[in-house]
Colleague: 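Can you keep this structure in mind? I'll have questions shortly.
Naming convention: chains lettered A, B, ... in sequence-line order (proteins, then strands); numbering from 1 in each chain.
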Number of protein chains: 2
Amino acid sequence: MKVSPVTIIDIAKKLGISKSTVSRALKNHPDISQATKDAVNKLAESLNYVPNTVASGFRNKKTKIIGLIVPQISYFFFPSVVQGIEAVVHKKGYKLMILQSDESYEREVENLNVLIANNVEGILSSVSLETRNFEHFQHVIDIGLPIVFFDRIVKGLDTDVVLVDDVTGACKAVKRLIEADRKRIAICTGNMNLLISNNRLQGYKTALIQAEISIDEDLILSCDTPEETEYAVTALLNKPTPPDAIFAISDLTMTGVMKAVFNKKLKVPEDISVIGFCEEPFRSMYHPQLTTIEPMGFEIGHKATELLFERLEDTNNWSLAPRVIYLDSHLKEGGSV
Amino acid sequence: MKVSPVTIIDIAKKLGISKSTVSRALKNHPDISQATKDAVNKLAESLNYVPNTVASGFRNKKTKIIGLIVPQISYFFFPSVVQGIEAVVHKKGYKLMILQSDESYEREVENLNVLIANNVEGILSSVSLETRNFEHFQHVIDIGLPIVFFDRIVKGLDTDVVLVDDVTGACKAVKRLIEADRKRIAICTGNMNLLISNNRLQGYKTALIQAEISIDEDLILSCDTPEETEYAVTALLNKPTPPDAIFAISDLTMTGVMKAVFNKKLKVPEDISVIGFCEEPFRSMYHPQLTTIEPMGFEIGHKATELLFERLEDTNNWSLAPRVIYLDSHLKEGGSV
DNA sequence: ACCGGTTGCGCAACCGGTTGCATTTTTATG
DNA sequence: CATAAAAATGCAACCGGTTGCGCAACCGGT
């Protein structure tokens, strides 16, 4: 049977004082005498009093909750991001409400409403694959709820945004392959509905053009899941002129690439080089360890949350112009190139 | 500038009716005429009305939030669990507040208070490594807040508990190694403060005893992190009589095992067999794929949440005795044995 | 004894939605 | 047309903590 928790009213009654005094005593308000404060604190302690944050959050519209919407909390990238977010959120004494969109537009809209309904003070989000209409995000902005996008951002909205410098990063990766004397470099782009996929593809093209290597559309694979990637890469490897290097734009695609490579019994890096945007515990799982461009999951989450809190703490927050933060991800040598 | 969101009072004023009527109309209460309902719904829609769940949650003590405390949301296991939890929580129209203990006792206590303060309706938790005192959990039980433990459970508390049948699972794993004619089987147990570590070790011993293989304490490595494991396994492999098989009790220890094995340039499974409790995307990342005992992360999260909701939905919940659910995890063949 | 200032505390409204009960309006029936 | 019954709506309290304002008690100084 549920025991009703102790409230300031219970304390007030036992002490024969008013609940306002109890409230102020607990918050160490200067108006209250030390004797009263001591009595209140002592009783509160002994009764295991836990202030009802729902009640106070209701009163002053401060729930101390940050909402997070991610496509999925699996694989490596998003858990890393969550770690980075948590670090800041916890330091600030806030809590995190995590919702998943499952790559569905409908659930994204629904989740946004849930966060609004729960009076979260700010939102962090990485958009779903399916999303092509951004009115729901615009509505969040309209009601003045601070929102920061990371990784999968939305163009054209007046918000802060954090992402890695995809173009440069991808360019670095491909240049590294070219340095290793690779000529037929394939790329596995993720879903082309995402800006990051386009950017990374652009970096790939830039590197090739600068090296005066012509772009072969056959070497550009648009694949989403590990399975799709494995299939596409296998097909490519079976062609008469297979690639001598593969650039995978994410952990997911890299998984598929590596499977295809292993199934073909190709040796890395002797027979084929691979490089990609891969998170730490993932890259060192392979042998040789993968040469990677760091996706900076932790840092992205960390930075995005910092930007969000800057807005929350900026009392006259209309003064802050939307910021676009590019984190530059450096190349980390493994042995796969 | 923050725009104050529309409330039922706004709707009531515009329609010249009382807020109680609006409230009832929105909830499709039979007392309200269809005409009024239509008018209210239409206006609510056009004003983008989002009910304030903090307010209603405050009123009727139903926040529709489930609290989750995990040590960390990284690696494979906990994200899988979260997926399983989310599936049920979302289906029930609830939200998840995820807090991390970072393996710290203090943060665990703090997190529990945060969840109580936020009026969560139920709690799911996997305890921190550091925790040896369980009064904070007892307090949760005392105030009648339903709590279900999973994976890393607490013995001796009157709560529901979900875990895999570690003893049997570990036993299966080791038997599989014995079938493959392995004689010197090492085990990497995790932190021995955890029940699962003890159970899996026990399963290991049971299998050996049944096969009449004597237990060599040198083959029992107690190691926590991938790094520790790598170090310990490397040392073991360098001994005059190295093991011919290794059983790793988790993804983390397996990571270390595989690194040590690769560094020694040992071939799996020719030179050495490996087997472990490993999550799906992880096991198929290696070549050959790992033979594993499934840790059932998704299923554990799913089941734990179902138990929790059974309690929430059981109006006279004192009738339910604490349940202990063992999920039996079967062996999944890879090529590593 | 009187006064201005300080200290400590209580009163009551408020946040937004919910709900038991009273009240008004409509409908049906004699 | 009166009246009882049913349908639709309003009133007001409530949830627990916060806060502006008012007021009494007390202080030291004259």
Colleague: Please classify the nucleic acid contact of A/Ser20 as base, sugar-phosphate, or nothing, using heavy-atom distances under 4.0 Å.
Modeller: base
Colleague: Do A/Tyr94 and A/His90 have ring centroids that are under 6.0 Å from one another?
Modeller: no
Colleague: Taking heavy atoms of chain B and a 4.0 Å limit, find me the 5'-most and 3'-most nucleotide of DNA chain C within that range.
Modeller: C/dG16 to C/dG20
Colleague: Quick check: on DNA chain D, is the nucleotide nearest A/Thr21 upstream (toward 5') of the one nearest B/Val22, or the reverse? Name the residue that is more 5'.
Modeller: B/Val22
Colleague: Please list every donor-acceptor pair under 3.5 Å in which a side-chain atom of residues 21-32 of chain A meets a protein atom from a residue at least two apart or in another chain.
Modeller:
unit_1	atom_1	unit_2	atom_2	d
A/Thr21	OG1	A/Ser18	OG	3.1
A/Asn28	OD1	A/Lys37	NZ	3.0
A/His29	ND1	A/Asp31	N	3.0

Colleague: Indicate, with a heavy-atom threshold strictly under 4.0 Å, whether A/Thr7 touches base, sugar-phosphate, or nothing.
Modeller: sugar-phosphate
Colleague: Keeping to residues at least two apart or across chains, list the salt bridge (Lys or Arg N to Asp or Glu O under 4.0 Å) pairs with something in residues 88-117 of chain A.
Modeller: A/Lys92-A/Glu313, A/Asp102-A/Arg107, A/Glu103-A/Arg152, A/Arg107-B/Glu86
Colleague: Could you summarise the pairing of DNA chain D as dot-bracket text, marking Watson-Crick and G-U pairs under 3.5 Å with ( ) or [ ] inside the strand and | across strands?
Modeller: ||||||||||||||||||||||||||||||
Colleague: Hey, can you pull the residues of residues 28-48 of chain B with a non-hydrogen atom under 4.0 angstrom from DNA chain C?
Modeller: none
Colleague: When you check the side-chain N and O atoms of A/Asp38 and A/Gln34, is any donor under 3.5 Å from an acceptor?
Modeller: yes
Colleague: Kindly compute the distance separating CG (B/Leu112) from OG (B/Ser125), expressed to the nearest 0.5 Å.
Modeller: 7.0 Å
Colleague: Could you pick out which residue, A/Val6 or B/Arg59, lies toward the 5' side of DNA chain D when each is mapped onto its nearest nucleotide?
Modeller: B/Arg59
Colleague: Take B/Arg24 and B/Pro51, find for each the nucleotide of DNA chain C with the closest heavy atom, and name the residue whose nucleotide sits nearer the 5' end.
Modeller: B/Pro51
Colleague: What's the separation between atom CD1 in A/Ile8 and atom CG in A/Leu15, rounded to the nearest 0.5 Å?
Modeller: 12.5 Å
Colleague: For A/Thr63, enumerate each residue passing the side-chain hydrogen bond (donor to acceptor under 3.5 Å, both in side chains) test, keeping only those at least two apart in sequence or located in another chain.
Modeller: none
Colleague: Nearest whole Å is fine: how far is D/dT9 P from B/Leu26 CG?
Modeller: 13 Å
Colleague: For A/Lys27, answer base if it contacts any base atom (sugar-phosphate contacts may also be present), sugar-phosphate if it contacts only those atoms, and nothing otherwise; contact means non-hydrogen atoms under 4.0 Å.
Modeller: sugar-phosphate
Colleague: Under a 3.5 Å distance rule, please check whether A/Ser126 uses its side chain to pair with a backbone N or O of A/Phe150 as donor and acceptor.
Modeller: yes
Colleague: Which class fits the ring pair B/Phe58 and A/Phe58: parallel under 30°, tilted 30 to 60°, perpendicular over 60°?
Modeller: tilted
Colleague: Does the gap between the ring centers of B/Phe76 and A/Phe76 come in under 6.0 Å?
Modeller: yes
Colleague: Is the number of heavy atoms from other residues, nucleotides or ligands within 6.0 Å of CG (A/Asp158) greater than 12?
Modeller: no
